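Down below is the structure, laid out as structure tokens.
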Amino acid sequence: MRITVDQIKQMKATGEKIAMLTAYDYPTAKLVDAAGVQMILVGDSLGMVVLGYDSTLPVTMDEMLHHTKAVVRGSSRAMVVGDMPFMSYQASLSEAMHNAGRFLKEANCQAVKLEGGERSAEIVRHMVQAGIPVVGHIGLTPQSVNQLSGFRVQGKTPKAAVQLIKDAHALEDAGAFAIVLESIPAPLAKVITERLRVPTIGIGAGPSCDGQVQVFHDIMGLYPDLAPKHAKRYASLAELMQNAIAGYVGEVKRGAFPTAKESYGLDSAAVKELTEIAAL
Ligand code: KIV
């Protein structure tokens with residue numbers, strides 16, 4: 001049985017922190033699920049960390065559904081949240097409803113996430129009324145990178161902070177069951193967390209949030225040249241993998257791989273027959 005919306009909300013009430021991590025494929029989902037996270041986010045960060053785009057803007061519904069399906073197949077316990085990509089919910093309410101429905105009907109995930117506060121509240125309300133659980137996302141919203149003039153910490157002025165508080169309330173009132181706070185000052189995240197009944201899940205929003213979300217590739221060190229301030233590195237997988245690959249290449253070149261251990265044999269009668277056939 002997967003973790004439910006009620007269990008996530010209950011965790012705020014009991015003060016138990018929520019651990020959320022991204023995953024984009026079947027093997028990673030298996031590892032993340034087994035490690036005990038409560039929520040797996042198939043983020044549109046997929047575009048940048050898996051597909052090699054320079055922002056999340058080019059990511060399509062088809063790409064998101066393809067990867068979300070794999071993550072659902074690879075997990076059995078965590079709640080899987082599909083991230084609605086840029087322009088899958090902004091143009092019209094009917095398109096937003098149709099695309100959110102595709103995540104649950106086709107990818108079989110349990111919830112969707114979308115960016116925006118007050119401006120997205122009406123869409124969230126309709127989705128929730130239709131039975132689609134929604135995670136909100138405010139602060140640094142990467143789909144608005146052009147509008148925000150870059151990937152910058154948000155909510156630093158009193159006016160911007162007040163707007164973020166209003167955004168958080170608008171999402172909660174619309175029925176979002178959790179809200180991601182990305183790249184905002186920790187004291188502001190604390191205020192928002194204390195004012196809301198639903199859990200906040202922070203990324204670059206300090207320790208007071210009810211939960212934390214991180215991008216798998218950041219915390220596993222898969223991009224050694226990228227070190228976002230908000231991401232702690234728990235492993236150096238790029239180095240580990242590079243060394244392993246170099247080991248493989250070296251052994252193939254030297255003829256040290258494969259050995260008899262990795263080869264399939266034949267019994268002596270079959271070898272004799274084969275030798276005779278080869279001599280013809
Ligand atoms: O796409 C993503 O991975 C996200 C997280 C950074 C919250 O939206």
Side-chain angles (χ1 to χ4, degrees), residues 8 17-25 28-29 32 37-61 63-68 70-71 78-90 99-100 103 107 109 111-117 120 124 133-145 148 150-155 164 167-168 171 176-184 189 192-193 198-206 209-220 222-223 226-233:
I8 295 296
K17 294 276 189 184
I18 300 160
M20 187 186 205
L21 189 57
T22 67
Y24 313 94
D25 59 33
T28 313
V32 169
V37 303
Q38 282 75 48
M39 299 169 84
I40 301 178
L41 173 65
V42 189
D44 64 351
S45 48
L46 162 78
M48 297 174 83
V49 297
V50 174
L51 301 179
Y53 302 142
D54 62 4
S55 78
T56 59
L57 303 193
V59 177
T60 64
M61 271 301 293
E63 286 166 341
M64 286 308 304
L65 291 174
H66 176 78
H67 287 268
T68 305
V71 169
M79 172 191 288
V80 177
V81 181
D83 205 3
M84 298 200 65
F86 182 53
M87 291 319 290
S88 68
Y89 58 96
Q90 290 94 337
N99 286 324
F103 271 100
C109 64
V112 299
K113 176 174 85 57
L114 54 84
E115 296 183 6
S120 297
V124 172
V134 180
V135 176
H137 182 165
I138 57 174
L140 171 55
T141 45
Q143 290 174 13
S144 306
V145 60
L148 300 173
F151 296 99
R152 298 173 176 190
V153 176
Q154 301 295 306
L164 282 173
D167 285 335
L171 290 172
F177 74 93
I179 300 174
V180 169
L181 305 179
E182 178 165 354
S183 297
I184 66 172
I192 294 175
T193 301
V198 296
T200 58
I201 303 180
I203 172 164
C209 297
D210 300 301
Q212 298 293 326
V213 57
Q214 286 287 310
V215 171
F216 182 85
H217 294 58
D218 289 341
I219 67 165
M220 291 297 145
L222 275 160
Y223 289 108
L226 276 183
K229 178 175 165 60
H230 61 70
K232 178 172 168 186
R233 200 167 279 176

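Counting starts at 1 for both ligands and their atoms, in listed order. Because the structure is a prediction, the values reported are computed rather than measured. Along the sequence shown, residues are numbered consecutively beginning with 1.
- At a heavy-atom distance under 4.0 Å, only side-chain atoms of D83, from C-beta outward, approach ligand 1.
- In this structure, the protein non-hydrogen atom closest to atom 6 (C) of ligand 1 is I203 CD1, 3.6 Å.
- Atom numbering of ligand 1 starts at 1 in the shown order; those under 4.0 Å from a heavy atom of T22 are 3 (O).
- Taking every heavy atom of G43 and a limit of under 4.0 angstrom, the matching atoms of ligand 1 come to 1 (O), 2 (C), 3 (O).
- Contact analysis puts K113 in contact with ligand 1, with a non-hydrogen atom separation below 4.0 angstrom.
- With hydrogens left out, the protein atom closest to atom 4 (C) of ligand 1 is L41 CD2, 3.6 Å, a heavy atom.
- One distance of note links CE of M20 with CD1 of I201; it measures 5.0 Å at 0.5 Å rounding.
- With contacts defined as side-chain heavy-atom distances shorter than 4.5 Å, the pair E115/P142 qualifies.
- Under the 4.5 Å side-chain criterion, counting only non-hydrogen atoms from C-beta, R152 is not in contact with L140.
- Heavy-atom neighbours of H230 NE2 from other residues, nucleotides or ligands within 6.0 Å: above the threshold of 12.
- Residues passing the side-chain hydrogen bond (donor to acceptor under 3.5 Å, both in side chains) test with Y223: none are found, sequence neighbours excluded.
- Rounding to the nearest 0.5 Å places CG of L226 at 8.0 Å from CE of M48.
- Close approach of ligand 1 to S45 is summarised as follows: ligand atoms under 4.0 Å from at least one heavy atom of the residue are 1 (O), 2 (C), 3 (O).
- Between atom NE2 of residue H217 and atom OG1 of residue T22 there is a gap of 7.5 Å, rounded to the nearest 0.5 Å.
- Considering backbone and side-chain atoms together, E182 places no N or O closer than 3.5 Å to any N or O of ligand 1.
- Residue contacts with ligand 1: Y24 is placed with no nitrogen or oxygen under 3.5 Å of a nitrogen or oxygen of the ligand (distance criterion only).
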